[in-house]
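Report on the structure given below.
Atoms within a ligand are numbered from 1 in the order they appear, just like the ligands themselves.
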Amino acid sequence: METVYLNGDYLPKTSAKISIFDRGLLFSDAVYEVISVINGHLIDMERHIARLERSLGELSINAFADWSSISENLVAENGLREGLVYLQVSRGVMDERDYRWPAPDTTPTIFAFTQNRVLIENPMADRGMRIITRPDLRWQRCDIKTTQLLYASLMKMEAVAAGIDDVWMTQDDMVTEGTSQNAHIINRDGVLISHQLDRRILPGVTRIEMLAQAKAMGLTIEERAFSIEEAKNAAEAFVSSSTLLVMPVVEIDGRHIGDGQPGKHTRKIRYNYIGAVQANHSKRD
Ligand code: PDD
């Protein structure tokens, strides 16, 4: 049985239990990270830790742990070659339900687990994703990676019910991001447009390396919001995330993007992204 981590212990997954008074459970008072694992290596761990610590800081949750060791131990323990590490930190357990935070020295609840997942040979990379757009009705601090994911989950289910792969969320006709990915387009002049980092989107870790690869390919980058109309008229569209890496989008609201096939720049960015994260590790081995 898989091993998970909970508050300092490595346990079989069915033995890990948390209190019903945990604030993560009652108030979504918790933050998390999803880190991809390729060839048994954690990808971009330092950037995930930096974002986790920022999320914790924004919510004044006092949690310190050796995030890298916990993740590495789980990868080793579970013999994970390709997939994900999920890491969550909540403010901890209250005596009784109360909106007010407990004392700052409350022990946070920290847990982590691994998931097997095909990342590189994902068949979606060849066919591309079909997307619909929906209003972004999440709270206004999407830059903090909290576990308040019900709206994203509702949107994902709407897509599934419509036989579509995912949803891009919009505010005033401008695309913010996908339910669990950052959204990007490449226009007909070869300019890659990606929403600027602000409170409307999560600062994606994959997005950083993706933009570096696109820049190295000679693409011009514009960090600004783009409209639904601009996206539908783009030459290419794609998403980035730790679970999908770089994934082409071939349809938005029933309209083909470009020729309805994964774009050539997008394919190359995905290829180069995967090459770069693998090379980073072989240098360290
Ligand atoms: N989601 N935007 C949102 C809303 C996300 O939830 C995610 C990641 C991203 C991409 O971030 P990154 O490149 O750091 O994975 C953007 C993870 C994978 C999840 O919730 O499962």
Side-chain angles (χ1 to χ4, degrees), residues 24 28 30-38 42-56 58 67 71 82-89 111-120 122 124 129 131 133-157 159 165-171 174-185 194-214 223 225-226 237-247 249 266 269-270 273-274 276-277 280:
S28 293
V31 298
Y32 76 107
E33 284 295 324
V34 176
I35 305 122
S36 45
V37 174
I38 295 177
L42 294 153
I43 303 302
D44 262 335
M45 190 63 194
E46 295 78 9
R47 285 178 177 143
H48 282 284
I49 293 174
R51 185 173 64 189
L52 178 65
E53 290 181 342
R54 178 181 180 276
S55 295
L56 291 168
E58 290 297 306
W67 314 112
S71 305
E82 193 165 309
L84 309 162
V85 170
Y86 178 92
L87 193 55
Q88 178 172 321
V89 184
F111 65 81
F113 54 83
T114 60
Q115 261 177 296
N116 266 302
R117 175 85 81 103
V118 175
L119 302 180
I120 296 178
N122 187 339
M124 206 187 253
M129 297 174 80
I131 295 287
T133 58
R134 289 288 181 272
D136 191 341
L137 300 181
R138 299 174 300 168
W139 79 326
Q140 297 296 306
R141 288 304 306 273
C142 299
D143 57 312
I144 310 174
K145 199 165 171 58
T146 75
T147 58
Q148 302 181 69
L149 297 173
L150 188 54
Y151 188 70
S153 179
L154 271 173
M155 291 301 98
K156 200 98 66 173
M157 289 314 292
D165 295 306
D166 222 311
V167 167
W168 277 10
M169 295 178 283
T170 63
Q171 282 181 29
M174 304 301 275
V175 175
T176 51
E177 59 182 338
T179 55
S180 57
Q181 319 93 23
N182 290 120
H184 323 279
I185 57 171
S194 178
H195 200 291
Q196 72 277 5
L197 297 184
D198 61 19
R199 293 182 170 190
R200 294 189 188 91
I201 68 161
L202 185 80
V205 166
T206 317
R207 181 182 177 277
I208 302 172
E209 185 62 41
M210 177 282 288
L211 288 178
Q213 292 305 319
E223 293 190 60
F226 53 85
F238 65 101
V239 296
S240 64
S241 76
S242 301
T243 37
L244 296 178
L245 311 178
V246 173
M247 190 59 71
V249 167
T266 305
I269 298 170
R270 178 178 171 89
Y273 171 85
I274 291 170
V277 294
N280 282 345

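Near Arg138, with a cut-off below 4.0 Å to any heavy atom, the atoms of ligand 1 are 4 (C). Within ligand 1, the atoms closer than 4.0 Å to a non-hydrogen atom of Thr243 are 18 (C), numbered from 1 in the order shown. Close contacts of ligand 1 with Gly204, meaning ligand atoms under 4.0 Å from a residue heavy atom, involve 11 (O), 12 (P), 13 (O), 14 (O). Annotation for ligand 1: atoms under 4.0 Å from non-hydrogen atoms of Arg51 are 11 (O), 12 (P), 14 (O). Atoms of ligand 1 lying under 4.0 Å from any heavy atom of Asn182, numbered from 1 in the order shown and given with element: 10 (C), 16 (C). Near Thr179, the atoms of ligand 1 lying under 4.0 angstrom from a non-hydrogen atom of the residue are 4 (C).
To the nearest 0.5 Å, atoms CG (Leu245) and CD1 (Ile269) are separated by 13.0 Å. Taken from OG in Ser55 to CD1 in Ile144, the straight-line distance is 6.5 Å, to the nearest 0.5 Å. Considering CG of Asp166 and OG1 of Thr179, their distance stands at 3.5 Å, rounded to 0.5 Å. Ile274 CD1 to Ile38 CD1: the interatomic distance, rounded to the nearest 0.5 Å, is 6.5 Å.
Using a 4.0 Å cut-off between heavy atoms, Val34 contacts ligand 1 through its side chain alone, with no backbone atom that close. For Gln181, every heavy-atom contact with ligand 1 shorter than 4.0 Å involves the backbone, none the side chain.
Under a 4.0 Å heavy-atom criterion, Tyr86 is not in contact with ligand 1. Within the 4.0 Å heavy-atom shell around ligand 1 one does not find Glu33. Using a 4.0 Å heavy-atom cutoff, Arg47 is absent from the residues neighbouring ligand 1.
Looking at atom 13 (O) of ligand 1, its nearest protein heavy atom turns out to be Thr206 OG1, 2.6 Å. Of the protein's heavy atoms, Lys145 NZ, 3.4 Å lies nearest to atom 17 (C) of ligand 1. For atom 20 (O) of ligand 1, the nearest non-hydrogen atom of the protein is Tyr32 OH, 2.6 Å. Considering only non-hydrogen protein atoms, atom 6 (O) of ligand 1 sits nearest to Ser180 CA, 3.4 Å.
Looking at ligand 1, you won't find any N or O of Ser240 less than 3.5 Å from one of its N or O atoms. Among the atoms of Leu149, none of the N or O lies under 3.5 angstrom from an N or O of ligand 1. Taking any N or O of Ser241, backbone or side chain, none lies under 3.5 Å from an N or O belonging to ligand 1.
By the 6.0 Å contact criterion, CZ on Arg200 is open, its count of non-hydrogen atoms from other residues, nucleotides or ligands being 12 or less. Taking a 6.0 Å sphere around CE of Met124, one finds it holds more than 12 heavy atoms contributed by other residues, nucleotides or ligands.
Between Phe238 and His184, the two ring planes are tilted [angle within 30° to 60°].
Taking every heavy atom of both residues into account, Trp67 and Leu56 meet most closely at CZ2-CD1, 4.1 Å. Closest non-hydrogen pair, Val239 versus Gln181, comes out as CB-CB, 3.6 Å.
When each of Arg207, Arg134, Arg138 is tested with Glu177 by the rule salt bridge (Lys or Arg N to Asp or Glu O under 4.0 Å), just one qualifies, namely Arg138. For the side-chain contact (heavy atoms from CB on, under 4.5 Å) test with Met169, the passing option among Thr133, Thr176, Leu137 is Thr176; the others fail.
Comparing Glu177, His48, Gln115, Met210 against atom 2 (N) of ligand 1, the shortest heavy-atom distance belongs to Glu177.
No salt bridge links Glu58 with Arg199; every basic N to acidic carboxylate O contact stays at or beyond 4.0 Å.
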